[in-house]
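Note that ligands are numbered from 1 as they come in the structure, with each ligand's atoms numbered from 1 the same way. Note that the coordinates shown come from a computational prediction; the quantities given were computed from them, not determined experimentally. As a basis for the values below, the full set of heavy atoms in this structure was taken, side chains included, without hydrogen atoms, waters or symmetry mates.
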Amino acid sequence: MLEAIQNRKSVFPQFMTDQAVGKETISALFEAANMAPNHKKTEPWRFRVYTGAGRAKLSQNIKEVYESARAPEVRNSNVVPKFDKKVHQAPVVVTVFLHRDPEKSIPEWEEIAAVACAVENLWISLDQYGLGGYWSSPGFLCGDYGQWPDAADNERCLGVFYFGHYEMPELPRQRGNWEDKVSWITE
Ligand SMILES: Cc1cc2nc3c(=O)[nH]c(=O)nc-3n(C[C@H](O)[C@H](O)[C@H](O)COP(=O)(O)O)c2cc1C
């Protein structure tokens, strides 16, 4: 197995350190994301990158999205502070968007799949820089097209990707047997 795949894992913000991640490194990660496969060359991945004081803007956006997605009587008062904490624990926080092809030349699932390929490219690239991260997809954030503040009508948020340097104990990475998921047809 490729070492990058073997080493990829979810690293949660509470394990991240304050060590800054240089812009060159962040750029290299998005260059890798941008090489993802995609049907009809729609390149449907879009990212907004929040670092430093910019993270307060993201916290504010998350609050707005939560409050527009949940009526006051069903809101949980822990949600907004929980996200504010996570956003500030991670040195780099990225919102992941699907930018739907305006021509709708391919089905939506193919574009979501291409965005996921782009995120995976970024994710498997982290380890070579000593970074770790994870993809968070809370339901209220992954809503409709145009729901995110400043999102275009054809843009839909697919979650938040946190990354940074980290100190984390080795956690078990359990997987069922690959053999159970593969059928062989040989004749
Ligand atoms: C599309 C997607 C969405 C995810 N959303 C969440 C999430 O909302 N919360 C979470 O704790 N992990 C989330 N994860 C990460 C998984 O929990 C994690 O990949 C899984 O537990 C396997 O662990 P590993 O990444 O260390 O192999 C998501 C992963 C993917 C691919």
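Sorted by first then second residue, the salt bridge (charged side-chain N to carboxylate O under 4.0 Å, His left out) pairs that include residues 63-81, not counting sequence neighbours, are Lys63-Glu67. A salt bridge (charged side-chain N to carboxylate O under 4.0 Å, His left out) check over residues 146-164, counting only residues at least two apart or in different chains, returns the pairs Arg48-Glu155, Glu108-Arg156.
Partners of Tyr166 according to the ring pair (Phe, Tyr, Trp, His ring centres under 6.0 Å) rule, which considers only residues two or more places apart in sequence or in another chain, do not exist here.
Side-chain contact between Phe163 and Val11 is absent, with no heavy atoms from C-beta onward closer than 4.5 Å. With contacts defined as side-chain heavy-atom distances shorter than 4.5 Å, the pair Phe47/Val119 qualifies. Contact of the Lys40 side chain with the Glu103 side chain is not registered, since no non-hydrogen atoms from C-beta on lie closer than 4.5 Å.
Within 4.0 Å of ligand 1, protein heavy atoms come from Arg8, Lys9, Ser10, Phe12, Trp123, Tyr134, Trp135, Ser136, Ser137, Arg173, Arg175.
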